[in-house]
Amino acid sequence: MIDLQLLRQQPEIFREALRKRGEDIALVDEILAADEARRKILAELEALRNQRNTASKEIGKMKEDAAREDAKARARVVNEKIDAREKEIAEVEPRLRALVAEHPNIPAPDVPIGKDETENVIIKSFGKPRDFDFEPRAHWDLGPALGILDFERGIKLAGSRFFVMSGAGAKLQRALLQWLLDFHIAQGYREFQLPYLVKEDIMFGAGQLPKFRDNLYRDYERDAWFVPTAEVPLTGLHAGEILNAKNLPLNYTAYTPCWRKEPMSAGKDVRGIKRVYQFDKVEMYKYCLPAESAKELENLLNDAIATVAALGFTYRVKILCTGDLGFSAHKTYDIEVWSPGVNEWLEVSSCSNVGDFQARRSNIRFRREAGAKTEFVHTLNGSGLGVPRTMIAILENNQQKDGSVAVPEVLRERAMNRVALCLFRTASRAKRCASKLSRRKKISRADEL
RNA sequence: GGAGGGGUCGCAUAGCCCGGUCUAGUGCGCCCGCCUGCUAAGUGGGUCUAGGGGGUUAUACCUCUAGCGCGGGUUCAAAUCCCGCCCCCUCCGCCA
């Protein structure tokens with residue numbers, strides 16, 4: 001949520017923000033008009049209420065019945081005026097609130113201007129795509145061949161864009177999740193286990209509602225929404241609270257499943273597990289002092305980069321331009337890893353400084369010292385990492401000529417088991433195992449444990 | 001799901017039966033000061049949030065409005081009366 005008082009004083013800041021994002025600046029004037037209307041009515045309403053309160057007190061002291069009845073009659077007339085004003089404000093106020101809630105965050109000054117994702121700027125890249133002496137296969141071929149990925153049954157169970165993982169694949173994914181969490185804990189984040197459903201106001205507070213209503217799964221019987229990312233409950237965690245400045249920054253991490261309807265990408269990325277309706281993700285989250293958020297974004301980004309580096313990926317980092325910047329974001333970096341099967345850069349992490357945008361919506365504040373005025377904290381969020389896309393990159397980058405996949409070094413200890421070891425280990429080991437397996441004609445069904 | 005109890009300004013509580021004297025009292029904590037030669041006691045004051053208006057370079061400050069779990073209703077007037085809902089506690093029932 002933007003600062004309405006700031007908009008009132010300096011509307012040009014907000015027109016500039018909308019212009020940079022390629023959105024209609026008319027929103028600013030609509031807000032100003034609604035705000036002015038509200039304040040005008042409010043002033044009249046409050047004057048009338050004051051009049052009534054004063055009259056009521058006098059009535060309370062009156063002894064004489066006739067005078068009392070007369071005063072009551074007069075008060076009733078005032079009440080009629082109050083009712084009329086209340087009706088007016090009941091119309092204007094929600095409209096103003098809705099308009100303000102629609103306004104996106106202001107991009108940071110150093111966010112490059114651009115119209116869409118084609119104008120994002122690569123600021124860093126690391127590694128070179130691996131050379132293959134064979135044609136690398138896509139995960140939608142590799143996975144089923146290894147017997148660890150099952151699209152048909154995912155569709156049978158839940159429809160398109162759902163999938164099933166099993167055996168060594170399931171175990172590898174579990175190893176990945178655990179490793180990511182432990183990695184972030186070692187980086188100084190506190191792990192949380194959170195509800196995967198949240199109330200509507202929590203969704204609003206994180207900036208998901210009302211704008212992304214169509215993206216969200218919902219329990220209509222209860223006021224409950226399925227989280228599209230752990231960022232939502234991690235924001236809601238301190239909603240309405242006043243934090244102690246001494247405890248900032250708070251560094252949190254959490255695994256949650258994420259549910260997204262993806263109506264905007266119908267027909268896009270339909271194959272494989274790049275874009276699915278339910279996926280797993282480990283998220284990092286920070287609450288910090290306003291002056292620290294720019295620095296903390298760099299810390300967050302580095303913490304996320306450390307994960308892709310440890311997994312041995314070829315990656316690059318982009319800063320999103322104003323046209324591609326998310327609704328709630330002040331500044332965002334995306335981390336993309338190269339994956340040779342799908343032959344593209346996969347966005348596995350998005351790290352954003354949200355500034356006070358979510359803190360305002362969720363009413364999360366802090367005091368610099370006892371008795372000081374409350375101020376809004378800044379919040380940041382970053383994936384570390386999105387699991388299906390990381391799995392794609394692991395499978396496709398570590399594939400061997402024989403169809404086996406080497407498990408990344410950092411996951412080996414956790415992912416080890418007897419059969420999976422044959423499929424997922426070092427190249428030489430995989431080769432030996434693979435030949436053994438092919439003799440047993442089990443290469444396509446090596447998922448038993 | 002059933003029965004009962006509860007939700008009040010950081011914490012603990014009073015106020016509710018019987019509407020106005022509630023500008024929500026008191027204790028603790030916290031802040032500022034005084035006193036006492038020393039982390040104790042005493043003593044005076046302050047101490048919620050949001051919004052509007054005034055005021056200021058900016059604070060401070062002044063003033064009004066709203067808020068006693070949430071939402072409605074009755075009334076000139078609601079913490080107080082009525083209705084609906086939510087949450088917590090105790091007990092019972094049912095079920096992983």
Side-chain angles (χ1 to χ4, degrees), chain A residues 1-10 31-101 193-205 209 218-225 233 236-247 290-291 356-377:
Chain A
M1 184 115 64
I2 50 151
D3 182 353
L4 178 58
Q5 296 192 15
L6 184 63
L7 183 138
R8 202 182 285 153
Q9 288 157 8
Q10 303 185 50
I31 293 173
L32 284 172
D35 177 53
E36 200 169 320
R38 172 183 169 268
R39 279 186 297 152
K40 184 167 173 287
I41 299 163
L42 193 64
E44 294 169 2
L45 176 62
E46 290 188 347
L48 287 165
R49 280 179 176 160
N50 185 14
Q51 202 178 320
R52 180 182 65 187
N53 290 348
T54 310
S56 288
K57 270 177 203 153
E58 279 163 14
I59 291 170
K61 287 179 204 149
M62 286 178 184
K63 296 280 187 281
E64 195 188 330
D65 279 353
R68 178 186 283 252
E69 288 310 314
D70 188 51
K72 280 192 188 180
R74 270 181 283 124
R76 270 192 282 268
V77 174
V78 175
N79 267 349
E80 276 167 33
K81 290 186 197 164
I82 289 176
D83 285 347
R85 289 289 176 276
E86 278 178 345
K87 267 190 200 120
E88 288 174 30
I89 212 140
E91 192 272 320
V92 171
E93 209 148 49
R95 191 156 54 82
L96 174 63
R97 253 202 310 270
L99 288 168
V100 170
Q193 288 278 357
L194 301 157
Y196 303 151
L197 300 179
V198 297
K199 295 183 195 168
E200 185 158 323
D201 59 321
I202 300 297
M203 252 334 159
F204 175 86
L209 286 173
R218 178 182 184 187
D219 174 355
Y220 284 88
E221 289 173 4
R222 238 178 147 263
D223 161 37
W225 299 71
L237 206 56
H238 290 304
E241 294 183 18
I242 297 171
L243 305 173
N244 189 334
K246 281 199 292 265
N247 297 333
D356 64 7
F357 194 77
Q358 287 173 329
R360 275 180 197 284
R361 291 174 88 99
S362 299
N363 197 24
I364 307 165
R365 294 163 299 169
F366 72 97
R367 271 190 236 276
R368 291 185 191 272
E369 57 202 68
K373 228 175 68 182
T374 58
E375 299 170 60
F376 289 107
V377 299

With rounding to the closest Å, how many angstrom separate the [atom1] atoms on [N] and [M]?
N: B/rC85; M: B/rG2; atom1: P; value: 10 Å
N: B/rU75; M: B/rC82; atom1: P; value: 16 Å
N: B/rU59; M: B/rG45; atom1: P; value: 30 Å
N: B/rU47; M: B/rC62; atom1: P; value: 10 Å
N: B/rC83; M: B/rC28; atom1: P; value: 39 Å
N: B/rC9; M: B/rC30; atom1: C1'; value: 14 Å
N: B/rG69; M: B/rG6; atom1: C1'; value: 11 Å
N: B/rG44; M: B/rC35; atom1: C1'; value: 11 Å

Verdict with reasoning, A/Arg49 to A/Ile82, per side-chain contact (heavy atoms from CB on, under 4.5 Å): CA-CA 7 Å; A/Arg49 280 179 176 160; A/Ile82 289 176; 4.2 Å; yes
What is the distance from [atom1] of [X] to [atom2] of [N], rounded to the nearest Å?
X: A/Lys57; N: B/rG20; atom1: NZ; atom2: C1'; value: 10 Å
X: A/Arg360; N: B/rG51; atom1: CZ; atom2: P; value: 9 Å
X: A/Ile41; N: B/rG53; atom1: CD1; atom2: P; value: 13 Å
X: A/Leu4; N: B/rG52; atom1: CG; atom2: P; value: 7 Å
X: A/Glu241; N: B/rU49; atom1: CD; atom2: P; value: 16 Å
X: A/Ile82; N: B/rA77; atom1: CD1; atom2: C1'; value: 11 Å
X: A/Asp83; N: B/rU75; atom1: CG; atom2: P; value: 11 Å
X: A/Lys61; N: B/rC22; atom1: NZ; atom2: P; value: 12 Å

Side-chain donor or acceptor of A/Arg361 paired with backbone N/O of A/Ala101 under 3.5 Å: yes
If the cut-off is 4.0 Å, is [X] near the phosphate of [N], judged by side-chain N/O to OP1 or OP2?
X: A/Asn50; N: B/rC64; answer: no
X: A/Arg39; N: B/rG51; answer: no
X: A/Gln51; N: B/rC64; answer: no
X: A/Arg8; N: B/rG52; answer: yes
X: A/Thr374; N: B/rA50; answer: yes

Base paired to [N] (Watson-Crick or G-U; both N/O distances under 3.5 angstrom):
N: B/rC68; answer: none
N: B/rC91; answer: B/rG2
N: B/rG33; answer: B/rU43
N: B/rG55; answer: none
N: B/rC28; answer: B/rG10
N: B/rA79; answer: none

For the [atom1] atom of [X] and the [atom2] atom of [Y], what is their distance to the nearest 0.5 Å?
X: A/Ser362; Y: A/Met1; atom1: OG; atom2: CE; value: 8.5 Å
X: A/Ile59; Y: A/Thr54; atom1: CD1; atom2: OG1; value: 11.0 Å
X: A/Phe376; Y: A/Asp356; atom1: CZ; atom2: CG; value: 7.0 Å

First of A/Gln5 and A/Thr54 reached from the 5' end of RNA chain B, by closest nucleotide: A/Gln5
First encountered from the 5' end of RNA chain B, between A/Lys199 and A/Leu42: A/Leu42
Candidates B/rG51, B/rA50, B/rC76 - which lies nearest the side chain of A/Ser56: B/rC76
Contacts of A/Asp83 that satisfy side chain to side chain contact (heavy atoms under 4.5 Å, CB included) - sequence neighbours left out: A/Glu86
Looking at every strand, decide which applies to [X] at a 4.0 Å heavy-atom threshold: base, sugar-phosphate, or nothing.
X: A/Glu86; value: nothing
X: A/Arg85; value: nothing
X: A/Ile59; value: base

Please list each protein N or O that sits under 3.5 Å from an N or O in nucleotides 66-73 of chain B, with the distance.
unit_1 : atom_1 : unit_2  : atom_2 : d
B/rA66 : OP2    : A/Asn53 : ND2    : 3.4

Salt bridge present between [X] and [Y] (N-O < 4.0 angstrom):
X: A/Lys40; Y: A/Glu44; result: yes
X: A/Arg95; Y: A/Glu91; result: yes
X: A/Lys72; Y: A/Glu69; result: yes

Check: A/Glu46 side chain, B/rG53 base, donor-acceptor under 3.5 Å: no
Check: A/Arg68 side chain, B/rG20 base, donor-acceptor under 3.5 Å: yes
For A/Arg38 against A/Ile89, the heavy-atom pair lying closest together: O-CD1, 3.9 Å
